[in-house]
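Take a look at the structure set out below.
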Protein chains: 2
Amino acid sequence: MHKKDEYMLRDLSEVELLELADLFKMFADSTRIKILYDLFDGEKNVTEICEDIEMNQSAVSHQLKALKTAKLIRSRREGKSIKYSLDDDHVKTIIAMGKEHIEE
Amino acid sequence: MHKKDEYMLRDLSEVELLELADLFKMFADSTRIKILYDLFDGEKNVTEICEDIEMNQSAVSHQLKALKTAKLIRSRREGKSIKYSLDDDHVKTIIAMGKEHIEE
DNA sequence: TGAACATATGATAATATATTCATATGAACA
DNA sequence: TGTTCATATGAATATATTATCATATGTTCA
């Protein structure tokens, strides 16, 4: 059960476990889920996202940063605004799985 | 974008969004992920889980309760001990998806 | 260049969450 | 029945997280 004094559960190391938990934290907040789900439609800028999910700009920007750090979304500048989009196909799958679970 | 004054993002209601976030909260803590991952092997009692993940009994019991409330695990008594097991196939899929994401 | 717009960020306060400790509950068996 | 083993639970503390406010940064265009 151990490898070089580091906790390990089968093929999942302690580090990977923490990374997994951090990843799922991104889905563990309704504001962030709203943002991710909103981006299912495709690329949107911050203002659009704020309007869609009815949250203020600062809160949204903070969460966008968290999602970007987690590599779930990416951004690019277009003129004055910044366009955000999903950066990983797993996002849709993970949310879909969660949706199936709660619908049972 | 609205339905009877209730926030709605396409086919996902505000209530469902909160349920989704609550579900993913279960995966957003390394102790709980360890427990879930430990149960990939099959049914285990509390003492075994504590040993496997190297956490004290009280902490594990508290988290088992949370996971059970979320319907991710189930339990049955067998003599003096209580056996826990996964209660949903989505658990494995969700963790697998997360694992793929962090491995990229 | 400077005004207007879009987004990001730091600090703070409010809230939520996890672990620990002490103790309770419940089953088994001598 | 009462002692032991296994698990659950309540309270308290410590820590993490989120939204808000104020302000900073960066872009466009007159």
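The sequence lines fix the lettering, A, B, ..., with proteins before strands; numbering per chain opens at 1.
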Validate the cation-pi geometry between A:Lys44 and A:Tyr84: distance from NZ or CZ to the six-membered ring centre under 6.0 Å, angle to the ring axis within 45°. no

Tell me the interatomic distance from A:Ile35, atom CD1, to C:dT7, atom P, rounded to whole angstroms. 13 Å

Determine yes or no for a side-chain-to-main-chain donor-acceptor pair under 3.5 angstrom, with A:Glu100 supplying the side chain and A:Met97 the backbone. no

D:dT17 phosphate, OP1 or OP2: any side-chain N/O from A:Arg32 under 4.0 angstrom? no

Contact check, side chains of B:Arg76 and B:Ile82, non-hydrogen atoms, under 4.5 Å: no

For B:Asp29, give me all partners under side chain to side chain donor-acceptor pair (under 3.5 Å), at least two apart in sequence or on another chain. none

Looking just at side-chain N and O atoms, do A:Thr47 and A:Glu51 make a donor-acceptor pair shorter than 3.5 Å? no

Stretch residues 77-87 of chain A: residues that reach within less than 4.0 Å of DNA chain C through a heavy atom: A:Lys80, A:Ser81, A:Ile82, A:Tyr84

Do any of residues 20-28 of chain B sit with a heavy atom less than 4.0 Å from DNA chain D, and if so which? none

Presence of B:Thr31 side-chain N/O under 4.0 Å of C:dA18 phosphate oxygens OP1/OP2: no

Hey, can you tell me if A:Phe24 and B:Phe27 have their rings parallel, tilted or perpendicular (30° and 60° cut-offs)? tilted

Could you tell me whether the side chain of B:Asp87 reaches within less than 4.5 Å of the side chain of B:Leu72, counting heavy atoms only? no

Which residues share a side chain to side chain donor-acceptor pair (under 3.5 Å) with A:Ser75, sequence neighbours left out: A:Lys68

Whole-Å distance separating the NZ atom of B:Lys44 from the C1' atom of D:dA6: 17 Å

Can you find a pair of side-chain heavy atoms, one from A:Leu39 and one from A:Ile35, that are under 4.5 Å apart? yes

What integer distance in Å separates B:Ile73:CD1 from D:dT7:P? 13 Å

Contacts of A:Lys83 that satisfy salt bridge (charged side-chain N to carboxylate O under 4.0 Å, His left out) - sequence neighbours left out: A:Glu78

Expected output: side-chain B:Glu16 to main-chain B:Ser13 donor-acceptor under 3.5 Å: yes

Figure out the CD1/C1' separation between A:Ile53 and D:dT18, and round it to whole Å. 13 Å

List in numerical order all residues of residues 55-70 of chain A for which some heavy atom is under 4.0 Å away from an atom belonging to DNA chain D. A:Met55, A:Asn56, A:Ser58, A:Ala59, A:His62, A:Gln63

